[in-house]
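For reference, the structure discussed in these notes is given below.
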Amino acid sequence: KYKQSSLLAFFNAK
Amino acid sequence: MLEGKFEEASLLKKVIESIKDSVKLCNFNCSQSKGITVQAIDDSRVLLIALKIDSGSFQEFRCDRDLVLGLDLESLSKILKQGNNEDYLTIIAEDSPDSLLVVFEDKKKDRISEFSLKLMDIDSDVLTIDDMEHDCSITMPAYEFAKIARDMKTLSESLQIIITKDSVKFNAEGQIGSGSIILKPHTDMEKPDESIKIELNQPVVLTFGAKYLNDIVKATALSSTVTIKLTDKAPALFEYRLPSGYLRYYLAPKFDD
């Protein structure tokens, strides 16, 4: 029912 | 050279127990001004750990040159288990170290134990986390949040958190049924850490993986309270304060498929 999101969608990789 | 002496080994033991199941390898960045800082992300890229052990958390701290200690936390945990919680714990590293020296001193007996841990070269992604404005913030007893996370995981693999001005609601819907726990803000004058505080700019509903919340509550022994900062459609921040510093977890939410 729910899909797990990734942190990479929110924070920028250096 | 790095030399950091903790009044009690228990602090570092608890920190490592709090993060070692989420990240196996991580770099400890050491500097005179910042103490020890760590940023590490789990393999699934869902949970990020940001640790800051300020020099104020140490009885003595000196770091002549910025150092990076690449650590296998499972191995470090094995070594930390060799010492007692109340022992002095000193960590020592040379300027270009290939190992970390860990020294325990029993305060009563004349017993000193020394261990050497091999260091590793670890490539890690570093993410930029700007100071975010949050829609709401809850501060509550850490043990209470831990109990909710553990109990609700038995019902469902997802836990919904619903914050309004008057309450915070934890909601789980699973195969066998559903459950919810509602907490209302209150102030305990005699035991301030038992209080529940809600600061709200706007109501938020977010869903998180119960597995990750159960990883986060492994930090419960570190602090009597936890602060949870939530923003609509953004990662949540769970913060446990150290005597001087913090352990923060950033957790990516789940969305309706």
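Per chain, numbering begins at 1; letters A, B, ... match sequence-line order.
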Part of B:Gln160 lying under 4.5 Å from any heavy atom of chain A
side chain

For the side chain of B:Ser178 and the backbone of B:Glu173, is there at least one donor-acceptor N/O pair under 3.5 Å apart?
no

Taking the six-membered ring for Trp, are the ring centroids of A:Phe10 and B:Tyr250 within less than 6.0 Å of each other?
no

Pick from B:Leu47, B:Leu48, B:Val46: which one has the most heavy-atom pairs with chain A under 4.5 Å?
B:Val46

Chain A contact via B:Leu251 - which portion, at a heavy-atom distance below 4.5 Å
backbone

Less than 4.5 Å to any heavy atom of chain A: does that hold for the side chain of B:Phe208, its backbone, both, or neither?
neither

Please identify each residue that fulfils salt bridge (Lys or Arg N to Asp or Glu O under 4.0 Å) with B:Asp66, with sequence neighbours left out.
none

Ion pair present between B:Asp166 and B:Lys184, side-chain N to carboxylate O less than 4.0 angstrom?
no

